[in-house]
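When reading the values below, keep in mind they use all heavy atoms of this one structure, side chains included, and skip hydrogens, waters and symmetry mates.
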Amino acid sequence: MALLQLHHLTLHSLPFTPKLHHSRFSTRKSLRFSFSASASTTMAKQVLVPVANGTEPMEAVITIDVLRRSGAEVTVASVEKELRVDACHGVKIVADAFVGDCKDTGFDLIALPGGMPGATNFKDCAVLESVVKKQAADGRLYAAVCASPAVALGSWGLLKGLKATCYPSFMEQLSSCATAVESIVQQDGKVVTSRGPGTTMEFSVALVEQLYDKEKADEVSGPLLLRPNHGDEYKVIELNPMEWKCNNIPQILVPIADGSEEMEAVMIIDILRRAKANVVVASVGDNLEILASRKVKLVADMLLDEAAKLSYDLIVLPGGLGGAQAFANSDKLVNMLKKQAESNKPYGAICASPALVLEPHGLLKGKKATAFPAMCNKLSDQSFIDNRVVVDGNLITSRGPGTSMEFALGIVEKFLGRPKALELAKIMLFVH
């Protein structure tokens with residue numbers, strides 16, 4: 001039975017480049033042709049992504065990361081009195097600038113993440129309101145996801161006469177200021193809206209297409225490893241099943257370092273904290289603040305030296321080339337992982353980390369695993385590499401940014417059961 005399940009999943013687990021068809025991304029033709037191909041490729045696009053206390057970190061970081069992958073120059077701007085914002089689920093993000101510093105800059109796109117009270121903090125920021133209203137008046141792209149279409153854009157009167165979507169619990173509010181629809185991503189005129197954490201990657205790829213073109217969107221989306229069928233129930237391949245034990249609340253260590261992939265780190269932290277796990281984010285370096293692979297600044301809870309004094313039900317590594325190399329070079333972290341494995345306690349890794357950290361330190365010996373496609377040739381056993389998430393006893397591995405939600409949900413499932421994982425997946429709009 002396991003082999004049948006594997007065969008079925010493998011067919012649907014190959015790297016996928018999404019097609020942004022009109023059936024999924026409703027678009028008025030006037031916008032699609034408003035950017036000439038020559039103009040779109042000669043100069044880096046300027047993008048503003050505001051952040052606030054209470055911003056949904058997955059939505060902010062995915063948007064920033066994907067847009068920077070396209071070559072856009074993204075300014076992360078705080079609407080608060082400090083550059084550091086306390087996003088939802090205890091994630092700390094350091095902005096590049098204050099929103100007031102950006103009011104005289106011309107942006108090709110302004111994209112608002114959601115989260116509460118983050119969206120309300122956007123709405124109440126007079127400077128941001130004036131900047132986005134000017135963007136709209138100038139006929140340039142603006143966008144929002146989750147609560148922000150209704151709470152911010154709608155309250156500012158920027159969705160009048162337009163089709164828009166948002167997080168389900170804000171649809172009634174949205175319907176008072178726009179034509180509310182339930183699309184994954186909805187585009188009308190110069191505004192793009194989307195529904196929640198589980199639709200943000202598709203939202204971000206759609207923004208790349210409108211900033212540049214379809215070819216650029218496909219180029220960016222390929223390495224993300226998006227799911228071919230959004231909303232389908234996720235699958236995890238499990239071999240040598242064993243119970244993952246914890247005392248009521250899972251104690252989980254997520255190391256981060258300069259060069260860690262910010263999408264992967266933030267999705268893992270965010271989702272595990274939604275599941276009420278006690279997640280310790282530890283910096284493998286001398287500073288709490290790290291500069292992730294796409295230049296997002298994240299702040300850890302503590303340094304690894306301090307975190308090493310505690311014991312964990314799971315140690316899980318995000319990817320990112322520089323981050324994985326830092327992990328592999330950390331004797332302290334490698335020793336912690338080896339003790340975890342020797343004690344038959346769970347450990348895991350995603351993207352570059354299975355190949356660059358676990359494999360060279362003997363932590364995949366006798367195990368089936370997967371990794372980022374370009375790194376799989378470094379795995380000594382490649383028999384299960386085409387699967388999006390692989391659990392082998394006390395080990396869990398996964399492929400990349402677009403499999404991070406499945407990876408984190410797989411961890412939730414092992415500790416707290418599939419019903420809890422599916423409940424979270426539905427709240428995040430990851431599955432129908």
Side-chain angles (χ1 to χ4, degrees), residues 57-58 86-92 236 238 241-257 260 264-285 288 290 298-319 323-324 326-327 330-350 353-354 357-358 361 363 367 389-398 404-421 423-425 427-428:
M58 284 193 276
D86 293 318
C88 296
H89 311 296
V91 176
K92 306 172 194 76
V236 172
E238 181 162 17
M242 63 171 273
E243 183 184 356
W244 287 16
K245 296 177 181 177
C246 65
N247 292 324
N248 297 321
I249 299 173
Q251 307 294 312
I252 298 173
L253 175 67
V254 180
I256 57 174
S260 286
E264 295 166 357
V266 167
M267 281 189 263
I268 292 164
I269 296 160
D270 186 319
I271 292 168
L272 294 177
R273 284 180 173 162
R274 283 172 181 258
K276 308 305 182 191
N278 180 24
V279 179
V280 173
V281 182
S283 170
V284 180
L288 289 178
I290 65 104
L298 300 173
V299 182
D301 303 320
M302 61 183 74
L303 298 177
L304 185 67
D305 283 350
E306 187 181 350
K309 298 171 186 174
L310 307 171
S311 64
Y312 300 95
D313 300 306
L314 169 72
I315 300 173
V316 58
L317 310 179
F327 297 159
S330 169
D331 291 341
K332 188 174 290 290
L333 179 58
V334 169
N335 288 333
M336 290 174 73
L337 285 163
K338 286 182 175 178
K339 286 178 183 175
Q340 194 82 358
E342 288 162 6
S343 305
N344 207 28
K345 294 171 73 175
Y347 61 104
I350 187 170
S353 287
V357 187
L358 302 186
H361 288 291
L363 289 159
K367 298 281 191 181
V389 183
V390 178
V391 178
D392 188 347
N394 61 331
L395 170 71
I396 183 167
T397 54
S398 190
S404 297
M405 281 200 176
E406 293 141 277
F407 179 58
L409 289 166
I411 292 168
V412 173
E413 182 173 334
K414 283 303 297 176
F415 280 118
L416 304 172
R418 189 165 180 86
K420 178 62 177 177
E423 175 194 326
L424 286 178
I427 289 169
M428 294 187 297

Counting C-beta onward and ignoring hydrogens, is there a side-chain heavy-atom pair between Val316 and Ile268 closer than 4.5 Å? yes

Given the rule in the side chain to side chain contact (heavy atoms under 4.5 Å, CB included) test, do His89 and Ile271 qualify, once you have shown the distances and angles that lead to the verdict? CA-CA 9 Å; His89 311 296; Ile271 292 168; over 6 Å; no

After noting the C-alpha distance and the side-chain angles of Glu243 and Asn394, does the key distance pass the side chain to side chain contact (heavy atoms under 4.5 Å, CB included) rule? CA-CA 8 Å; Glu243 183 184 356; Asn394 61 331; over 6 Å; no

So do the side chains of Leu253 and Leu314 get within less than 4.5 Å of each other, counting heavy atoms only? no

Measure from the side-chain N and O atoms of Asp270 to the backbone N and O of Val266, and report whether any donor-acceptor pair falls under 3.5 Å. no

Side chain to side chain contact (heavy atoms under 4.5 Å, CB included) partner of Pro250, chosen from Ile252, Asn248, Asn247: Ile252

Any donor-acceptor pair under 3.5 Å from Ser260 side chain to Ala257 backbone: yes

Quick one: CG on Asn344 to NZ on Lys245, what's the gap to the nearest 0.5 Å? 9.5 Å

Looking at Arg273 and Val279, would you say the former's side chain and the latter's main chain have a donor-acceptor pair under 3.5 Å? yes

Among residues two or more places apart or on two chains, list those pairs meeting salt bridge (charged side-chain N to carboxylate O under 4.0 Å, His left out) that have a residue in residues 412-421. Glu233-Arg418, Glu238-Lys414, Glu413-Arg418, Lys420-Glu423

Residues, nucleotides or ligands: over 12 heavy atoms within 6.0 Å of Leu310 CG: yes

Closer than 3.5 angstrom, by distance alone: can the side chain of Asp301 be matched with the main-chain N or O of Val281 as a donor-acceptor pair? yes

Walk me through whether Met267 and Met428 qualify under side chain to side chain contact (heavy atoms under 4.5 Å, CB included). CA-CA 11 Å; Met267 281 189 263; Met428 294 187 297; over 6 Å; no

Taking the side chain as C-beta and beyond, is there a heavy-atom pair between Pro346 and Leu395 under 4.5 Å? no

Quick one: do the Gln251 and Asn278 side chains pair a donor with an acceptor below 3.5 Å? yes

Would you say the side-chain atoms of Ser353 pair up with the backbone N or O of Pro318, donor to acceptor, closer than 3.5 Å? yes

Which pairs count as salt bridge (charged side-chain N to carboxylate O under 4.0 Å, His left out) when at least one residue sits in residues 335-346, sequence neighbours excluded? none

Atom CG in Asp392, atom CE in Met242: separation rounded to 0.5 Å? 10.5 Å

Does the pair Val236 and Val390 meet the rule for a side chain to side chain contact (heavy atoms under 4.5 Å, CB included), with working shown? CA-CA 6 Å; Val236 172; Val390 178; over 6 Å; no

Can you check whether Ile350 reaches Leu317 side chain to side chain, under 4.5 Å on heavy atoms? no

Considering the options Tyr312, Phe415, Tyr347, which one meets the ring pair (Phe, Tyr, Trp, His ring centres under 6.0 Å) requirement together with Trp244? Phe415

If we only count heavy atoms from C-beta on, is the Ile249 to Lys276 side-chain gap below 4.5 Å? no

Measuring from Leu298:CG to Leu288:CG, what's the distance to the nearest 0.5 Å? 12.0 Å

